[in-house]
Amino acid sequence: MNFLGYKRPDGRIGIRNHVLILPTSVCASDTTRIISQQVKGTVTFNNQNGCSQVASDQQFTMDVMAGFAANPNIYGIVVVSLGCENCQMDLVVEAIKQRTNKPLQTVIIQEAGGTLKAIDLAARYAKEMVLQAGKILREECDISNLIVGTECGGSDPTSGLAANPVVGKLSDILVDLGGTSILSETTEFIGAEHLLAERGKNETVKNRILEIVHRYEKALQLVGEEVREGNPSPGNKAGGITTLEEKSLGCIHKGGHRMISAVYDYAKQIEERGLVIMDTPGNDPSSVAAMVAGGAQIIVFTTGQGTPSGNPIAPVIKLTGNKETYANMIDNIDFDASPLIYGNKTIDQLSHELLEITVDTANGKMTKAESLGYMEIGIARVCNYV
């Protein structure tokens, strides 16, 4: 099975051809928003971080920025910094160059002479880059080049009964075809981590699965918090989920039944093929951001109660197993998996229909989140600002 993608100089395959206007800190984010509004073909995001962070948090931010730049859906990058933030321009550029050799330009607002001069310079760079990107044509590529991230949010019992199992079957199909599927949301492995660990390809992977779950719980306990106080969320409870363990057993369905090849830390580059795990929070925007930074070209996102969530770098395909949610939020949701519950379609039928949508999306079909212009992201944090 093939799709039409963009071949990048670093050997990877994109399904979108964006130019990224990358803010290195919160102080540069409004400027990148204005630049992106002026240049069609560019994307940006609101970076809330990049300054006054402890080392581990700054590393999360650096990994997300470098990973976004390296994501194969990006043709080239215009990096914009204020000039005095912790994530200094030279550090960000070096992190990007360690991951990719794409076209890259830089603008420092304080050195450019203020916002308007920085916008003018960056917009000129971006316009030239968009013109160059337009010369790149789609080429036929094997589906084994796809990296698909899986996410769930606003879950209810239909997520575990229908939407997540359909995504799990899609994950199995992709892995069997040589592609890569990412299972995320470490907090939603709690209580089910032993079931995942049994599927690790070796003792190292098995122990890593247990370690990331225990590390997460311990990190929260060190500051006097308990993960179960925030999970299940009020929305989960309203939807009918009663415990975190119940939520976890539904969540891990997204990982299907194949062997787990590797476990990656937050926002690190995915290198292994097959089913892999990324250590992310259950928080949707920050979990999706990490998988996109890891190289995912597409996100498949299940929801019980509905969500408008998207991402600026990768298209987000949303599906639900709740027929009332599908009818109520049809402006936001791309696929209805509820026939699995009501007996009209089998899991094989629905997973192959979802595979068709995934390939169509890879070929350029816009998701509903893309059509609405949803671009907000989150980045994981472990500490307060300092």
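Just so it is clear, the structure is predicted and the values come from calculations on it, not from any experiment.
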Task: Spacing of CD belonging to Gln297 relative to CG belonging to Asn71, to within rounding of 0.5 Å - done: 6.5 Å
Task: side-chain contact (heavy atoms from CB on, under 4.5 Å) evaluation trace for Gln38 with Ile34 - done: CA-CA 6 Å; Gln38 291 186 4; Ile34 296 168; 3.8 Å; yes
Task: Audit row: Asp63, Lys268, salt bridge (charged side-chain N to carboxylate O under 4.0 Å, His left out) steps and yes/no - done: CA-CA 7 Å; Asp63 286 338; Lys268 297 298 185 183; 2.8 Å; yes
Task: Heavy-atom side-chain proximity of Ile377 to Asn46 below 4.5 angstrom - done: no
Task: Lys169 and Asp348 ion-paired at < 4.0 Å - done: yes
Open item on the list: Does any part of the side chain of Ile379, heavy atoms only, come nearer than 4.5 Å to the side chain of Ser286, both counted from C-beta?
Closed with: no
TODO: For salt bridge (charged side-chain N to carboxylate O under 4.0 Å, His left out), just list the numbers for Asp265 and Arg215, CA-CA rounded to whole Å, side-chain angles, deciding distance to a tenth of an Å, and then say yes or no.
DONE: CA-CA 12 Å; Asp265 286 332; Arg215 183 176 66 184; 3.4 Å; yes
Task: Polar side-chain atom of Ser52 near backbone of Tyr385 as donor-acceptor pair, under 3.5 Å - done: no
Open item on the list: Contact between Phe3 and Cys141 at the side-chain level, heavy atoms closer than 4.5 Å - yes or no?
Closed with: yes
TODO: Determine whether Val39 and Val79 fall in the same hydrophobic cluster, where Ile, Leu, Val, Met, Phe, Trp and Tyr are linked whenever their side-chain heavy atoms lie under 4.5 Å apart.
DONE: no
Open item on the list: Quick check on the 6.0 Å ring-centre criterion: do Phe68 and Phe45 meet it?
Closed with: yes
Task: Rounded distance (nearest 0.5 Å) linking atom OH of Tyr266 with atom OG of Ser184 - done: 10.0 Å
Open item on the list: Whether the Ser181 and Ser171 side chains hold a donor-acceptor pair (N or O, under 3.5 Å, no angle test) is what I'd like checked.
Closed with: yes
Open item on the list: Between Met65 and Val26, is there shared hydrophobic-cluster membership here, with clusters defined by ILVMFWY side-chain heavy atoms closer than 4.5 Å?
Closed with: no
TODO: Verify the cluster assignment for Ile182 and Phe301: are they in a single hydrophobic cluster under the rule of side-chain heavy atoms below 4.5 Å apart?
DONE: yes
Task: Side-chain donor/acceptor of Ser159 to backbone N/O of Asn164, under 3.5 Å - done: no
Open item on the list: With side-chain contact (heavy atoms from CB on, under 4.5 Å) as the criterion, how do Val93 and Thr106 come out once you've worked through the C-alpha distance, each side chain's angles and the decisive distance to 0.1 Å?
Closed with: CA-CA 8 Å; Val93 168; Thr106 61; 3.7 Å; yes
- [ ] Say whether Gln349 and Glu353, considering side chains only, have a donor N or O and an acceptor N or O under 3.5 Å apart.
- [x] no
- [ ] Given salt bridge (charged side-chain N to carboxylate O under 4.0 Å, His left out), test Glu211 with Arg208 step by step and report yes or no.
- [x] CA-CA 5 Å; Glu211 189 261 331; Arg208 280 283 288 143; 2.7 Å; yes
Task: Backbone N/O of Ala70 and side chain of Lys102: donor-acceptor pair under 3.5 Å - done: yes
Open item on the list: Other residues, nucleotides and ligands only: do more than 12 of their heavy atoms fall within 6.0 Å of NZ on Lys206?
Closed with: yes
Task: Any side-chain donor near an acceptor of the partner, Asp57 and Asn49, under 3.5 Å - done: no
Open item on the list: Testing the basics here: between Met62 and Ala95, what is the closest heavy-atom pair and its distance to 0.1 Å?
Closed with: CE-CB, 3.9 Å
Open item on the list: Restricting to non-hydrogen atoms, name the atom on Arg99 and the atom on Ala293 that form the minimum distance, rounded to 0.1 Å.
Closed with: NH1-O, 3.0 Å
Task: Nearest heavy-atom neighbours spanning Thr280 and Ala290 - done: CG2-CB, 3.8 Å
Task: Asp334 side chain to Thr367 side chain, donor-acceptor N/O pair below 3.5 angstrom - done: no
TODO: Using a cut-off of 6.0 Å, state whether more than 12 heavy atoms not belonging to His214 lie near its atom NE2.
DONE: yes
TODO: Say whether Asn322 and Thr320, considering side chains only, have a donor N or O and an acceptor N or O under 3.5 Å apart.
DONE: no
- [ ] Would you check if the side chain of Lys323 reaches a backbone N or O of Asp336 as a donor-acceptor pair within less than 3.5 Å?
- [x] no
Task: Stepwise side-chain contact (heavy atoms from CB on, under 4.5 Å) check, Leu340 with Val166 - done: CA-CA 9 Å; Leu340 183 61; Val166 169; 4.0 Å; yes
Open item on the list: Could you check whether Lys201 pairs with Glu272 (Lys NZ or Arg NE/NH1/NH2 to Asp/Glu carboxylate O, under 4.0 Å)?
Closed with: yes
Task: Interatomic spacing from CD in Glu217 to CD1 in Ile212 - rounded to 0.5 Å - done: 12.0 Å
Task: Check: Thr100 side chain, Lys97 main-chain N or O, donor-acceptor pair, under 3.5 Å - done: no
TODO: Kindly work out whether a path of hydrophobic side-chain contacts (I/L/V/M/F/W/Y, heavy atoms less than 4.5 Å apart) joins Phe335 to Val316.
DONE: no
Open item on the list: Determine whether Asp279 and Tyr216 satisfy the following criterion, side-chain contact (heavy atoms from CB on, under 4.5 Å), listing intermediate values before the conclusion.
Closed with: CA-CA 9 Å; Asp279 181 16; Tyr216 218 112; 3.9 Å; yes
Open item on the list: Minimum heavy-atom separation for Ile109 and Cys27, please, with both atom names.
Closed with: CD1-O, 4.4 Å
Open item on the list: Membership question, hydrophobic clusters at under 4.5 Å side-chain separation (ILVMFWY): are Leu183 and Ile190 in the same one?
Closed with: yes
TODO: Examine the side chains of Asp156 and Thr158 and answer whether a donor and an acceptor come within less than 3.5 Å of each other.
DONE: yes
Open item on the list: Take a 6.0 Å sphere around CE of Met259 and say whether it holds more than 12 heavy atoms from other residues, nucleotides or ligands.
Closed with: yes
Open item on the list: Rounded at 0.5 Å granularity, tell me how far CG in Asp284 sits from SG in Cys152.
Closed with: 7.5 Å
Task: Residues Arg8 and Asn73: side-chain donor-acceptor under 3.5 angstrom - done: no
TODO: Give the C-alpha distance, both sets of side-chain angles, the deciding distance and a yes or no for salt bridge (charged side-chain N to carboxylate O under 4.0 Å, His left out) between Asp30 and Arg33.
DONE: CA-CA 5 Å; Asp30 273 328; Arg33 172 180 55 79; 3.3 Å; yes
Task: Test item: side-chain donor near acceptor, Glu151 and Ser287, under 3.5 Å - done: yes
Task: CD-OG distance between Glu356 and Ser351, expressed to the nearest 0.5 angstrom - done: 10.5 Å
Task: For Thr361 against Arg16, the heavy-atom pair lying closest together - done: O-NH1, 2.8 Å
TODO: Grab the two heavy atoms, one from Pro315 and one from Ile15, that are nearest each other, plus how far apart they are.
DONE: CG-CD1, 3.7 Å
- [ ] May I ask you to list the residues sharing a hydrophobic cluster with Leu372, side-chain cutoff 4.5 Å, ordered by chain and number?
- [x] Tyr374
